[in-house]
Amino acid sequence: MRIVVLVSGSGSNLQAVIDAVREGSLPVTIAAVGADRPGTGGVERARAAGLETFVVNFGQFHERPDWNRALTDAVAAYEPDYVVSSGFMRIVDQHFLDRFPNRYLNTHPALLPSFPGAHGVRDALAYGVKVTGCTVMIADAGVDTGPILAQAPVAVLPDDTEDALHERIKIQERRLLIETLAGLVSSRHTRGGA
Ligand code: GRF
């Protein structure tokens, strides 16, 4: 099963997928890693692992649909079975989703539908929830909406900072993403997929 992973940040969740593939516990091929801007840690980690990388720089496009089309073409060139957003901080449009119908996975560091958007950890902490967590879903054109595939709870500690809580959430997020991908591989095999 071929995947393309999209990142915008440090890529620590991507690193967990790279490590799982390398140690043989996740039978997928990471066909490429792409980013929406230059200089991401995620692309650096991919290059260090000898993976193909690409950047479709959001800042170089005047019109969002042009960026989205360029991203769609760049991803499609690798013929992925699934596209995985792992800390990718851009919302893709219907043109992208139509090219990869029900095959665009996203992870979010909160228990959706609670606390969607770019600050899910901060919002959960500010609200004062006692339990938050992470979600893996099939992304649609909304912001962190779409059918949920998996979730994991993470307790909020009394003196938690956003960073400390987010790091604990990421531990579960990485596990959940890898388990979800492994589940998709096995369901393809039972369906007779490649
Ligand atoms: C993850 O928690 C992801 O859900 C959120 O940003 C974080 C990405 O972290 N959108 P990293 O870039 O994988 O370290």
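Start at 1 and go down the list; that is how both ligands and their atoms are numbered. Counting from 1, the numbers follow the sequence of the chain as shown.
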- [ ] Apply the side chain to side chain contact (heavy atoms under 4.5 Å, CB included) test between Val84 and each candidate in Leu6, Leu177, Thr180; give the one that qualifies.
- [x] Leu177
- [ ] Check each of Leu177, Asn13, Asp144, Leu14 against atom 13 (O) of ligand 1 and report the one with the nearest heavy atom.
- [x]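 Going through Leu177, Asn13, Asp144, Leu14 one by one, Asn13 has the nearest heavy atom to atom 13 (O) of ligand 1.
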Task: Closest to atom 11 (P) of ligand 1 among Gly41, Gly11, Ala118 (heavy-atom distance) - done: Gly11
Open item on the list: Could you tell me if the side chain of Leu149 sits less than 4.5 Å from the side chain of Thr135, heavy atoms only?
Closed with: no
TODO: Could you tell me whether some N/O pair between Gly87 and ligand 1 is separated by less than 3.5 angstrom?
DONE: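 So ligand 1 has no N or O lying under 3.5 Å from an N or O of Gly87.
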Open item on the list: I'd like to check whether Ser86 has a polar contact with ligand 1, where a contact means an N/O of the residue lying under 3.5 Å from an N/O of the ligand.
Closed with: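 Such a contact does not occur with ligand 1.
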Open item on the list: Show the atoms of ligand 1 that are less than 4.0 angstrom away from any heavy atom in Thr107.
Closed with: 4 (O)
TODO: Starting from atom 3 (C) of ligand 1, locate the nearest protein heavy atom and write down its residue, its atom name and how far away it is, to 0.1 Å.
DONE: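 Protein heavy atom with the smallest distance to atom 3 (C) of ligand 1: Glu173 OE2, 3.3 Å.
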Please determine whether any non-hydrogen atom of [X] lies less than 4.0 Å from an atom of ligand 1.
| X | result |
| --- | --- |
| Val7 | no |
| Gly42 | no |
| His166 | yes |

Task: Arg90 to Phe58 six-membered ring, cation-pi geometry met (6.0 Å, 45°) - done: yes
TODO: Establish, from distance only, whether the side-chain atoms of Asp36 and Asn57 form a donor-acceptor pair under 3.5 Å.
DONE: no
- [ ] Give a yes-or-no answer on whether the side chains of His108 and Asp144 include a donor-acceptor pair shorter than 3.5 Å.
- [x]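 Yes, because at least one side-chain N or O of His108 sits under 3.5 Å from a partner of the opposite role on Asp144.
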Open item on the list: So for atom CD, which belongs to Glu79, do other residues, nucleotides or ligands contribute more than 12 heavy atoms lying within a distance under 6.0 Å?
Closed with: no
